[in-house]
Amino acid sequence: MDNTRKIVYLDHAATTPVDPVVKETMLPYFDEVFGNPSSLNGPGQRAREAVESAREEVASLIGARPEEIIFTSGGTESDNAALKGVALARHREGNHIVTTAVEHHAVLESCRFLEKNGFSVTYLPVDADGIVDPDDVKKALTDKTIIVSVMHANNEVGTIQPIDAIAKIVRPRGIYLHTDAVQSLGHIPVAVHELGVDLLSASGHKFYGPKGVGIIFIRKGAKFASFLHGGDQERRRRASTHNVPGIVGFAKALEIAVAGMNEEAEKITRLRDRLIAGIRERISDVRLNGHPERRLPGNVNCSIAYVEGESLLLNLDMEGIACSTGSACTSSSLEPSHVLSAMGLPPELSHGSLRFSLGRNTAAEEIDYVLAVLPSIVEKLRAISPLYKKKVKAQ
Amino acid sequence: MDNTRKIVYLDHAATTPVDPVVKETMLPYFDEVFGNPSSLNGPGQRAREAVESAREEVASLIGARPEEIIFTSGGTESDNAALKGVALARHREGNHIVTTAVEHHAVLESCRFLEKNGFSVTYLPVDADGIVDPDDVKKALTDKTIIVSVMHANNEVGTIQPIDAIAKIVRPRGIYLHTDAVQSLGHIPVAVHELGVDLLSASGHKFYGPKGVGIIFIRKGAKFASFLHGGDQERRRRASTHNVPGIVGFAKALEIAVAGMNEEAEKITRLRDRLIAGIRERISDVRLNGHPERRLPGNVNCSIAYVEGESLLLNLDMEGIACSTGSACTSSSLEPSHVLSAMGLPPELSHGSLRFSLGRNTAAEEIDYVLAVLPSIVEKLRAISPLYKKKVKAQ
Amino acid sequence: MEVYGEKVMDHFRNPRNVGEIEDADGIGRVGNPVCGDIMELYIKVEEGTIVDARFKTFGCGAAIATSSMVTELVKGKKIEEARRITNQAVAQALGGLPPIKMHCSVLAEEALRKALDDYLQKAA
Amino acid sequence: MEVYGEKVMDHFRNPRNVGEIEDADGIGRVGNPVCGDIMELYIKVEEGTIVDARFKTFGCGAAIATSSMVTELVKGKKIEEARRITNQAVAQALGGLPPIKMHCSVLAEEALRKALDDYLQKAA
Ligand SMILES: Cc1ncc(COP(=O)(O)O)c(C=O)c1O
Ligand SMILES: Cc1ncc(COP(=O)(O)O)c(C=O)c1O
């Protein structure tokens, strides 16, 4: 691939470039305000101030109090800490966890780990659009349930879950509600009290902030056991020297994302719908995965029958278009996407899924370019596909 | 404090500024090579290459193989993962852990967590210089011992442990040896095979790399259970999107540190000894903590009798000198430093300890400035100290 | 795209011998939609020598490249020689495959074996 | 240095009433080396009014500042008034203390109480 050619980047759900203003904001914290926030001396206290004002900013942007925000190393740590931290803190009250079949692996694998350690986990189904039925949540609760974890928006298909409705069922029973908001924060409104959650995870690099920094919101008073043990940072709930530039960058990125959210979502939604309509017009046997409206502004996930996702992706990549297959990227397993399977897709369709995730800088011409290039790639791959042949013969 | 005045920064053991070349090297990875290394597309693969070549660089600099290096979020995570990861992976073989009384809290608190979960831990004593006796390690081993964790160099007093001698005792028995090399990597030679360790932790921000990134070395074949569950990154041993700029920065910082190590260590040692000698000449009743020779080049830890550390630190800070008290910085406990206590210091001496940690850019004039300022501060504080009064009367 | 080496990408970009052979002497079908790879290998044999080989594949980049390579490798080979082609040989001819993609070369070997079995059965 | 507010730093930088009173009417000694703070408070009383107060302290910034502040607060006060000075009052007079340092204000209150007790005992 020609490295100098401008790439049409449609993989924003995987990660985003750091916003130039965010980068600029971070720079002094590498070598000027570089102290250790745990040090009592001047350089340390100036770094501490930066961390604490970032914390205030983030808290106010999601409707929380500063002491309810813990900075972590990313979405995975936040999910792990939320699940394991509550499990450990409340294990005397019960050993049952409820989650969904379409969570990110950071939640699912944490649950599997807990299953090996005496907890039992219910994995709720979703409908064909990927939505969890709050009634199913209700039915799953037992007097041993201590936490329910339902993601705010899905990373593969972009479906947005009815968290507020779930909260109304879960929280009056004294059960905690955690949501993985890694895909939603900075893209759609996220206010902890409107969602009604006790815990929330997010990650900076999904909204033009830096990689390697995230947050957990933990509602004041919620029981929580530390996951990373060590020093006294973060009120003893998360040890390790603060990643000061990362934390400052997280806050700045969120500030920018929230300020421009409405306008950006509107623009991106328009381009998204143009891409969806264009694919449907130009290619036969295509299925849009995920809910048609209750989905993230930037997410287009579709299954293109008779062809496999990775080979589509590679061909698009050769044309300078960066996207993802619907399934987990580095997955070493041969199984199709757990999300698409849970939505009832047959394996050959989930193996043929593509995710285009649009971003702040996506231009209409880029969408048109994809629409110009994709049909012939599909045609070429279908020509060598034994499944397509069968289909043609069957007609 | 006047923010514009140049600060004499002598808190390098707490954290270091990012080297300008390291910072420069990191910059493109925020917004140019910004892809997700787990994405199969071009931008993702370019980011992946950066991560993998950083891994090769780091591995070769510590004498390991690339697949033996896992990137983490810092020293604390590395310590937690090493201890808990081995404990979990080997719990069927035994439930006994050996460590020392002078470890960093990241190790000690991980051990306490494991104690609450069915493991038993032996905390070995140290001598007056802070050194662990390999014979004590030998005596502590049982047929239930699965891992021994001894830090390479101590963060408070700089004492360097005889890791190679300990390895000769531990490893032939099939017991793993972990060392926390957070304070040593980049400052003194660290070669995993010469040290003879199975696991090693390190953190970027201690050698002019970025905060929020660290490594664990895990010897090929060593049993290890993942600590952060989620995606398939790092051969399934550490999930979460790679912190690409952080990882690139870690490798660059280590490269620079190793290239300049001898020269730098020599220069810093000279300044260190000048500071130690100067304090002893100018102030009565001072004790140097830690081994006189087997110590980190940049570490000066001394107890100044009759005065308390924080008030010394604050007074120095008002004069533009940034250092630490010997005890844990943000410690909310009232106990004196666990390290100094383990070395046998009476509480009033460990409360009166100061740590000056010198760095790459420390200048002789800065040392002289400290020597000019410190005596009168001590005098002032002794004048209001009830302990000093008693001492004067007793004479 | 650097997951795959140059040779793999070459065979992926320009797969050789795509298609079916109407009156094939041997056909090998392997894989299934669940695992995400389906290969069909067709061979034409004359006097114990494979004179033509073609494939159709639904699968990832490595699946397509290994299919393409295996057809190249068998063409002109005697049946007994073709039998000795292992998955490693296919992977090697492609300049190597990432570890998680080695199963594709296994699939290619299996498709070849099945096609050869099919030929021998028909010929018997 | 922003751990402490301005007032605390002022009293830390320039502690008021440092020293001992040779013929003190009441002395309060609290704290110990293990916890890292030792305070000695001396008072001089005339006709039920504290006319002088002095201190010596081994301890952190907050310990020194609270010692200084408590001496300021008691000077000129009647014994009964001085008895009503709480640790909160001391902390408040300093514009507040970080939570982990509140124990220093408790120590100052205790030192004062002990000095007052000592005076009352001697006077009795
Ligand atoms: C929904 C969701 N949860 C968790 C994560 C993990 O976040 P991170 O990679 O920052 O650890 C991701 C993305 O990778 C995600 O999309
Ligand atoms: C010896 C030692 N171990 C572990 C750590 C923890 O490293 P980090 O703060 O990067 O998590 C530190 C420093 O903070 C240290 O000095």
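As a basis for the values below, the full set of heavy atoms in this structure was taken, side chains included, without hydrogen atoms, waters or symmetry mates. Remember, predicted model here, so these are calculated numbers, not experimental data.
Salt-bridge formation is not detected for the pair A/Glu379/A/Arg382: no Lys NZ or Arg NE/NH1/NH2 atom is positioned less than 4.0 Å from an Asp or Glu carboxylate oxygen.
Between chain C and the residues A/Ala383, A/Gly352, A/Gly309, A/Ala322, the most heavy-atom pairs under 4.5 angstrom are made by A/Ala383.
In terms of the side-chain hydrogen bond (donor to acceptor under 3.5 Å, both in side chains) criterion, residue partners of A/Arg295 (sequence neighbours excluded) are, by chain and number, A/Asn299. Taking A/Ser385 as the reference, nothing meets the side-chain hydrogen bond (donor to acceptor under 3.5 Å, both in side chains) condition, with sequence neighbours excluded.
When side chains are defined from C-beta on, A/Asp11 does not count as touching A/Thr15, because their heavy atoms never get closer than 4.5 Å. Side-chain atoms of C/His103 and C/Asp37, non-hydrogen and from C-beta on, do get closer than 4.5 Å to each other.
The heavy-atom pair separating A/Thr362 from A/Gly359 by the smallest distance is OG1-N, 2.8 Å. The nearest pair of heavy atoms linking A/Ser353 to A/Ser350 is OG-O, 3.2 Å.
The closest side-chain donor-acceptor pair between A/Ser110 and A/Asp79, if any, does not fall under 3.5 angstrom.
Both the backbone and the side chain of A/Ile384 come within contact range of chain C, judged by heavy atoms closer than 4.5 Å.
At a heavy-atom separation below 4.5 angstrom, chain A is approached by no residue within residues 104-122 of chain C. Interface residues of residues 54-82 of chain C toward chain A, defined by a heavy-atom distance below 4.5 Å and sorted by number: C/Lys56, C/Thr57, C/Phe58, C/Gly59, C/Cys60, C/Gly61, C/Ala62, C/Ile64.
Residue A/Glu115 places its CD atom among more than 12 non-hydrogen atoms of other residues, nucleotides or ligands, all under 6.0 Å distant.
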Review point. side-chain hydrogen bond (donor to acceptor under 3.5 Å, both in side chains) between A/Asn154 and A/Thr159: does it pass, once the steps are laid out?
Key: CA-CA 5 Å; A/Asn154 186 273; A/Thr159 299; over 6 Å; no
